[in-house]
Asker: 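My questions all concern the structure below.
Values below: every heavy atom of this structure, side chains too, minus hydrogens, waters and symmetry copies.
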Amino acid sequence: MGELPLDINIQEPRWDQSTFLGRARHFFTVTDPRNLLLSGAQLEASRNIVQNYRAGVVTPGLTEDQLWRAKYVYDSAFHPDTGEKVVLIGRMSAQVPMNMTITGCMLTFYRKTPTVVFWQWVNQSFNAVVNYSNRSGDAPITVRQLGTAYVSATTGAVATALGLKSLTKHLPPLVGRFVPFAAVAAANCINIPLMRQRELQVGIPVTDEAGQRLGHSVTAAKQGIFQVVISRICMAIPAMAIPPVIMDTLEKKDFLKRRPWLGGPLQVGLVGFCLVFATPLCCALFPQRSSIQVSRLEPELRARIHQQTPGDEVVYYNKGL
C-alpha cells in the first residue's frame, strides 16, 4: 500500500455540503456523543494528524478513513476559527446528552414556579456556553458582553415561562406542557444574538472560494446568526412538542399512575430519542460554510472585493452553530 496522497481536501467536510443529505451525514458525525468519551491524548493525536497532513506531512501507515476520522475528532473538540479546544459541554457532541437531560427536566417539572425558574436558568447557562463556544470568527468578546448576554437571555426565558404559565392556569393541562418550548424559542432569539454581539459590531470573516480572507462583514454575521436561530428553534420542536403529547396520554394510563416515579426518566428518554435525530438534521438546514452575494455586502467591503478580485460574485463565511 502506497503513502496517502496529499490532495485530499480535509478543509471541507467529507460529504457534499451543497445537499441536505450530505450536510446531515456530516452533522451526524459532528454531533456523535461518543466523541465526548475521547481522552485528551486522543484529541491531541487527531490534531497532530490533521495539522501534519495540512502541512504536507503524512503520518506513516495512515489510511484515508483514519484521516477523515481524525479530522472529525479534531473538528468535534477545536474551534474552526481560533483553533482553541472547546470546553466539554460547549462541544456539539454534548448537545444530545446535555439537552436531553435539561429539556426532559423542563418538561417534567413545569408545574411549580421554583422548578420552572431553576431549569430555565440551567438551560440558558448551558446555551450561553454553547453559543460562545460555537460562535463564528475569531473576534474576542468581553466579560461584560458575556454577562449582559447571559443575564438578558436568562431573564427573557424565565419571564416568558412564568408569563405563559400564568396564562395557561385555566387551560387544559396539555397546553401547559408547551410553555417550556415557548420560553426556549424566545430565549434563543435573545441569547444567540447577544452572545454573538461582537460579530454584529465588527463583522465576521468572509473569504473567496479558495478560503482567502477578504475582509469582515456585519451583513454576513446577521445572515449567519439568523440561520442559527432558526436551526436551534427547529431543533427544539420535536424534543419539546412530541414527548408532551405522549406523556399526557401515558399519565392517564394505570401503568404510570401506579409508577409515577417513571415519568421523569421516561420523558428524558423520549427527549433524547428525538434529539438524536433532530440535532444533526436541524444543524444541516443551512450549510456550515454559507455564502452571500457580494452585491449584498457593505459598500466599502463590496468595493474592495471588486477591486481585488473583480470576478468574485459570491463570498463565503462560517455561520457558526
Side-chain angles (χ1 to χ4, degrees), residues 89-90 94-132 146-195 228-253 256-257 259-276 278-279 282:
I89 65 170
Q95 283 286 294
V96 172
M98 290 296 295
N99 271 326
M100 68 179 283
T101 303
I102 296 172
T103 303
C105 289
M106 281 196 294
L107 294 176
T108 301
F109 306 112
Y110 69 95
R111 292 183 176 91
K112 297 182 179 180
T113 299
T115 54
V116 168
V117 172
F118 175 76
W119 285 109
Q120 287 294 338
W121 168 74
V122 170
N123 186 50
Q124 289 313 309
S125 298
F126 170 64
N127 283 342
V129 174
V130 172
N131 294 336
Y132 175 74
L146 282 173
T148 301
Y150 172 70
V151 172
S152 300
T154 304
T155 303
V158 171
T160 302
L162 294 181
L164 291 175
K165 181 175 178 293
S166 65
L167 293 175
T168 57
K169 284 181 179 178
H170 305 293
L171 295 176
L174 180 60
V175 177
R177 290 180 178 272
F178 288 96
V179 168
F181 168 69
V184 167
N188 274 327
C189 296
I190 301 170
N191 195 322
I192 296 172
L194 283 174
M195 289 303 295
V228 172
V229 169
I230 297 299
S231 295
R232 294 287 186 84
I233 292 175
C234 291
M235 196 184 299
I237 290 175
M240 301 192 81
I242 297 174
V245 175
I246 296 175
M247 291 302 298
D248 189 67
T249 302
L250 291 179
E251 286 180 359
K252 296 174 184 176
K253 307 292 185 181
L256 270 188
K257 284 181 179 179
R259 303 170 183 85
W261 56 271
L262 274 176
L266 182 58
Q267 187 137 245
V268 171
L270 287 170
V271 170
F273 178 78
C274 292
L275 285 173
V276 164
T279 299
C282 291

Asker: Got a second to check how far Cys282's SG is from Arg232's CZ, nearest 0.5 Å?
Answerer: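 Spacing of SG (Cys282) from CZ (Arg232) equals 11.0 Å.
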Asker: Identify the heavy atoms of Pro193 and Val229 that sit nearest to each other, and give their distance.
Answerer: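 That would be CD-CG2, 4.4 Å.
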Asker: Any side chain to side chain donor-acceptor pair (under 3.5 Å) involving residues 234-243? Give me the pairs, sequence neighbours left out, ordered by first then second residue.
Answerer: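 Every candidate side chain to side chain donor-acceptor pair (under 3.5 Å) pair involving residues 234-243 fails, so no pair, neighbours aside, qualifies.
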Asker: Starting at CD1 of Ile102, measure out to CH2 of Trp121 and round the result to the nearest 0.5 Å.
Answerer: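 Atom-to-atom, Ile102:CD1 and Trp121:CH2 are 10.0 Å apart.
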Asker: What's the shortest heavy-atom distance between Gln95 and Thr279, and which atoms?
Answerer: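 Taking Gln95 first and Thr279 second, the nearest heavy atoms are CB-CG2, 4.0 Å.
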Asker: Between Leu275 and Val96, what is the shortest heavy-atom contact and its length?
Answerer: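 Taking every non-hydrogen atom into account, O-CG2, 3.7 Å.
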Asker: Are more than 12 heavy atoms from other residues, nucleotides or ligands located less than 6.0 Å from atom CZ of Phe118?
Answerer: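 Yes.
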Asker: Decide yes or no on side-chain contact (heavy atoms from CB on, under 4.5 Å) for Asn99 and Asn123, but give the supporting numbers first.
Answerer: CA-CA 8 Å; Asn99 271 326; Asn123 186 50; 4.3 Å; yes
Asker: How many angstroms lie between CD1 in Ile89 and OG in Ser125, if you round to the nearest 0.5 Å?
Answerer: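 With rounding to 0.5 Å, CD1 (Ile89) is 9.0 Å from OG (Ser125).
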Asker: Can you give each donor-acceptor pair under 3.5 Å made by side-chain atoms of residues 235-246, sequence neighbours left out, with the distance rounded to 0.1 Å?
Answerer:
none

Asker: Might you point out which heavy atoms bring Phe126 and Ala94 nearest each other, and give the distance in Å?
Answerer: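 Looking at all heavy atoms of both residues, the shortest contact is CZ-O, 4.4 Å.
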